[in-house]
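Please read all numbers here as calculations on a predicted model, not as lab measurements.
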Amino acid sequence: MTDETERDYELGQDNVQVLGLDIHNPVFVISGLTILAFVFFALAFQEQAAAFFGWLRPALTSRFDWVFMIACNIFVLFSLLLIVTPWGKIRLGGKDARPDYSYSGWIAMLFAAGMGIGLVFWGVAEPISHYDAALGGVALGEDGLRTDWAPLGAAEAHPEEAARMAMAVTIFHWGLHAWAIYEMVGPALAFFSFNRGLPLTMRSVFYPLLGQRTWGPLGHMIDVIAVFATMFGLATSLGLGASQALAGLNYLFGIGISDEMKVVIVVFITLFALVSVVLGLDKGVKRLSEINMVLAAILLVLVLILGPTVAILTGFFSNLYEYARELPALSSWVGREDTNFLQGWTAFYWAWWISWSPFVGMFIARISRGRTIREFVFCVLIIPTLVGALWMSVFGGAALDAVAGEAGPALREAALELKMFTLFEGFPMTGLLSLVGIILVVVFFVTSSDSGSLVIDTITAGGKTDAPTAQRVFWCLLEGAIAAALLLGGGLGALQAAAIATGFPFAIVLLLMCVSLALGLAREKRR
C-alpha cells in the first residue's frame, strides 16, 4: 500500500451494527467474552484464583525481569532520540495543524490519566518501604512486596544513606522509564492516525511492518492484546484507589475495612465514572482532570508548608541528583545481587506501566493533535518526571523525616494504604488533609476509569471516536467488574499479577512499535 492509499482506508469498514452498537469484528467480541469469562472464573473460584495469581506474579517477574529492563531502557533512549533528531520537527496532524487544547488542559489530562492514583498511594508508602529495606528491615503490607533485602546491596547503610537510596529508587520507579513507556505509544498512534490517515487503533502503528496484514488476524491480535493490557492495568490502579479510599474512610469515620467494602467503593465510584463517560472527553474527562490538578496542588502545598519545608525543598534538588547518579546502576539487570528488589519492585513497575501504555498512549495521542513530536516528547517525558520527583520529594521527604521521630513506629507498622493518613496524624489539620486526600483518590479513580473506557471503546470500535455511548458504558462497567473480581479473588496481589501477565506480551509489541515508528517517520521526512 502506498502513502497515498494509506489514506484510503475506510474507517469502520470491518464494523458491524448490533443492537444499536457499532463494534469492530472480531476485536470487540473476543475481548468482551474473554474478559467476562475471566470475571466469572475469579468470582466463582476465589480460592483457586488467589492461588493462581499468587503463583503467577513471582513466576513472571523472576523469569522475564531482563525483558522488562531491556525494553524500558530502549524506550528511554528512543524517546531522547526523537527529541534531538529532525524527526522531532514533524507536527502531528500535518504542518498546518494546531493544538486542540491549551497547555494547562493538555498536561492536566495526560498527567491525571498517567499515574494519578499511583502517586497518591505510593508517595508515602514506597520511600518508607525502601528506607526500611536499606536498613535491613521489612517492608510491611499484604501486597506481594514484603522484603528483607536491600536496594543495590546497601544493607549496611546508615540512616542518611538509607534515606538517600530510598528517594533515588522511588523517583527511578516514577521517572523517565515510566513516562518513556507512555511516550512510546502516544506519538506513534498520533502520527499514523493524524498524519497517515489510519484508524486510531494499536494495529495502525504496525503498518510499515505488516502492510495489508495490518487489517487481518495479526492486527486483530494486536488490538485484543491492547484491550487486555489496558483493562488489567486499569484494574490494578482501581484496586489501589479503592484500598486507599476505604482506608481513609476508616480513619475518618470508622468504616470497616474488608474486601467486600472495597468492592462497594469500586461500584460506587464506577457509577460516578459513568457520568463522566456519558458527558464525553471535553465536558467530562477534561474538567475532572483539571479538578484533579487543583486538588493535587492543594494537598502538595499543604504538606510542604506543614512538613519540614526547608528540608523538603533542598531535598528535591538533592533527590534529582541522586536519581541521576544511581540511574545507570538501577537500569542495569546484569550482575545484580538484589534480585528480590529487581523482580519484586522494578520488574513489576515496568510491567504495570507497559500494561497501562495502550490506554495512556492512545488517550494522550487523541488529545495531542497539533503538537510537534519534539514538543510531545518533552512535555510527556521531562515535565511529568520533574513533577513526579517533586511529589515524591514532598511526601517522601515528610515521611522519612517523621520516621526519624516519634511517629516512626506507627508509620512503619501501618498498612501501605494507611501510611499517608498515618503521616497526616503528625500534622495540624489532620482531618482536612485526610479528607482532601480521599477526594483526590476518588477523582483520580474516576478520571482513570472514564478515560480508560473511552480508549478501550475506540479500539473495539475499529478506531472510531464517536461510537455509541452505550459501548463506553459497557466498558466502564466491565472495568469495575474486573477490579472487584480480582479484589475478591486474591486481593492486591491478584491485581498486580494480572497487570504483569498482560504487560509481558505487550512489551514485545512496544519494541516492534519502535521499529515501525522509525520507519514511518523516516518516510515522512523523505516526503
Checklist entry - Does L77 have any side chain to side chain contact (heavy atoms under 4.5 Å, CB included) partners at least two apart in sequence or in another chain, and if so, which? => result none
Item to check | Partners passing side-chain hydrogen bond (donor to acceptor under 3.5 Å, both in side chains) against T346 (at least two apart in sequence or in another chain) | outcome: H173
Checklist entry - Under the side-chain hydrogen bond (donor to acceptor under 3.5 Å, both in side chains) test, which residues partner T214, sequence neighbours left out? => result none
Next on the checklist: My understanding is that only residues two or more places apart in sequence, or in another chain, count here; which of them pass ring-ring contact (aromatic ring centres under 6.0 Å, His included) with W333?
Outcome noted: none
Item to check | By side chain to side chain contact (heavy atoms under 4.5 Å, CB included) - contacts of V441 (at least two apart) | outcome: V120, Q244, A245
Checklist entry - Pairs in or reaching into residues 67-100: which pass ring-ring contact (aromatic ring centres under 6.0 Å, His included), with residues at least two apart or in two chains? => result none
Checklist entry - What residues form a side chain to side chain contact (heavy atoms under 4.5 Å, CB included) with P358, not counting sequence neighbours? => result M202, A226, A229, T230, F506
Kindly list each side-chain donor-acceptor pair under 3.5 angstrom involving residues 475-482, sequence neighbours excluded, with atom names and distances?
from	atom 1	to	atom 2	distance (Å)
W475	NE1	T460	OG1	3.1
E479	OE1	S449	OG	3.2
E479	OE2	S453	N	3.1
E479	OE2	S453	OG	3.1

Checklist entry - Who are the ring-ring contact (aromatic ring centres under 6.0 Å, His included) partners of F40, not counting sequence neighbours? => result none
Next on the checklist: Test of understanding: with ring-ring contact (aromatic ring centres under 6.0 Å, His included), list the residues that count as partners of Y323, not counting sequence neighbours.
Outcome noted: none
Checklist entry - Can you name the side chain to side chain contact (heavy atoms under 4.5 Å, CB included) partners of P208, sequence neighbours left out? => result F192, S516, L519
Checklist entry - With sequence neighbours left out, what residues match F64 under ring-ring contact (aromatic ring centres under 6.0 Å, His included)? => result F504
